[in-house]
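Position 1 is the first residue of the sequence, and the numbers go up from there. All values below come from the heavy atoms of this structure, side chains included, with hydrogens, waters and symmetry mates left out.
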Amino acid sequence: MADVNRGDRPLSPHLQVYRTEINMVTSILTRITGVALLGGAVLFVWWLMAAAVSEEYFATVDWLLTSILGDIVMTLSVWALWYHTLAGIRHLVWDMGYGFDPDTSDKSAWGAVIGSVALTFLTIITIWGT
């Protein structure tokens, strides 16, 4: 059935209407990092499959993943993993019914962002140390 009052209803607000807040950013980042983790997993599986195919093919894939571009992609994958993990913990706390007030929600959002960057640096330093 056709909606006869379609012209009287307000339009859905666009992103330009809202002031950017940390919770908005973390929501978007959680979705982006979820997709990025799939890309990182595909690269890792490619690396493992190259090792099973031949020594030459593995050398090519390994060279790509250990190049400057590969280092950047892998570092961003580590950050995505840490961020997505911390954001997931944040959502688990919400599922238990805690942390919904604006101040706590903002603090946990900043905690996920800052914590993921700090844990990424610690991971990279640990890897370089070996």
Side-chain angles (χ1 to χ4, degrees):
M1 184 162 152
D3 186 4
V4 294
N5 293 325
R6 184 174 211 121
D8 297 334
R9 294 187 303 178
L11 296 174
S12 178
H14 192 269
L15 287 175
Q16 294 170 339
V17 174
Y18 294 114
R19 181 175 55 101
T20 304
E21 296 185 13
I22 186 64
N23 289 304
M24 181 188 303
V25 172
T26 56
S27 176
I28 294 166
L29 277 178
T30 301
R31 288 161 173 80
I32 291 171
T33 56
V35 173
L37 286 172
L38 179 61
V42 167
L43 288 175
F44 181 68
V45 169
W46 181 39
W47 182 72
L48 290 175
M49 288 180 68
V53 170
S54 73
E55 218 175 292
E56 297 81 24
Y57 188 54
F58 176 74
T60 302
V61 174
D62 192 54
W63 172 84
L64 179 65
L65 291 180
T66 56
S67 68
I68 297 292
L69 178 62
D71 285 344
I72 291 169
V73 169
M74 290 296 118
T75 300
L76 290 174
S77 293
V78 169
W79 173 78
L81 181 63
W82 279 120
Y83 177 79
H84 206 74
T85 300
L86 294 177
I89 292 169
R90 181 176 181 234
H91 279 267
L92 285 174
V93 171
W94 284 351
D95 288 343
M96 292 186 289
Y98 302 107
F100 286 115
D101 61 284
D103 188 47
T104 304
S105 181
D106 288 349
K107 286 179 182 176
S108 66
W110 280 111
V113 172
I114 294 168
S116 65
V117 171
L119 288 168
T120 299
F121 279 122
L122 286 173
T123 303
I124 299 303
I125 289 170
T126 303
I127 290 170
W128 281 346
T130 58

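Panel note: side chain T60, backbone E56; a donor-acceptor pair is recorded below 3.5 Å. Not a single donor-acceptor pair under 3.5 Å links the side chain of T104 to the backbone N or O of D101. Of the possible donor and acceptor atoms, none in the side chain of S27 sits under 3.5 Å from a partner among the backbone N and O of M24.
Residues L119 and T85 have side chains not in contact (no heavy-atom distance under 4.5 Å, counting atoms from C-beta outward).
Here the shortest heavy-atom pairing between T30 and A87 reads OG1-CB, 3.6 Å. W94 approaches Y98 most closely through the heavy-atom pair CD1-O, 3.1 Å. Here the closest heavy-atom approach between residue G40 and residue S77 is recorded as CA-OG, 3.9 Å. The heavy-atom pair separating N23 from S105 by the smallest distance is OD1-OG, 3.0 Å.
L65 and L69 fall within a single hydrophobic cluster, where Ile, Leu, Val, Met, Phe, Trp and Tyr are joined by side-chain heavy atoms under 4.5 Å apart, directly or via other members. By the rule that hydrophobic residues join a cluster once side-chain heavy atoms approach within less than 4.5 Å of another member, V25 and V113 end up as members of one cluster. Hydrophobic clustering, with ILVMFWY side chains joined whenever heavy atoms are under 4.5 angstrom apart, groups W63 together with V73. Linking ILVMFWY side-chain heavy atoms closer than 4.5 Å, directly or via other members, places V53 and W47 in a single hydrophobic cluster. The same ILVMFWY cluster, assembled from side-chain heavy atoms under 4.5 Å apart, contains both L64 and L48.
To the nearest 0.5 angstrom, L43 atom CG is 10.0 Å from L38 atom CG. Here the CG-CZ distance, from L37 to F44, works out to 13.5 Å after rounding to the nearest 0.5 Å. To the nearest 0.5 Å, atom CG of residue L86 and atom CG of residue L81 are 9.5 Å apart. Once rounded to the nearest 0.5 Å, the distance linking CD1 of I89 with CG of D95 reads 12.5 Å. Atom OG1 of T33 is separated from atom CG of L76 by 11.5 Å, given to the nearest 0.5 angstrom.
Heavy atoms from other residues, nucleotides or ligands lying under 6.0 Å from CH2 of W110 number 12 at most. L92 CG: more than 12 foreign heavy atoms inside a 6.0 Å radius.
One side chain, T26 or R90, offers a donor N or O that lies under 3.5 Å from an acceptor on the other.
Within the structure, the ring-ring contact (aromatic ring centres under 6.0 Å, His included) test picks out the following pairs touching residues 70-90 (sequence neighbours left out): W79-Y83.
Classified by interplanar angle (parallel below 30°, tilted 30° to 60°, perpendicular above 60°), the ring pair Y57/W46 is perpendicular.
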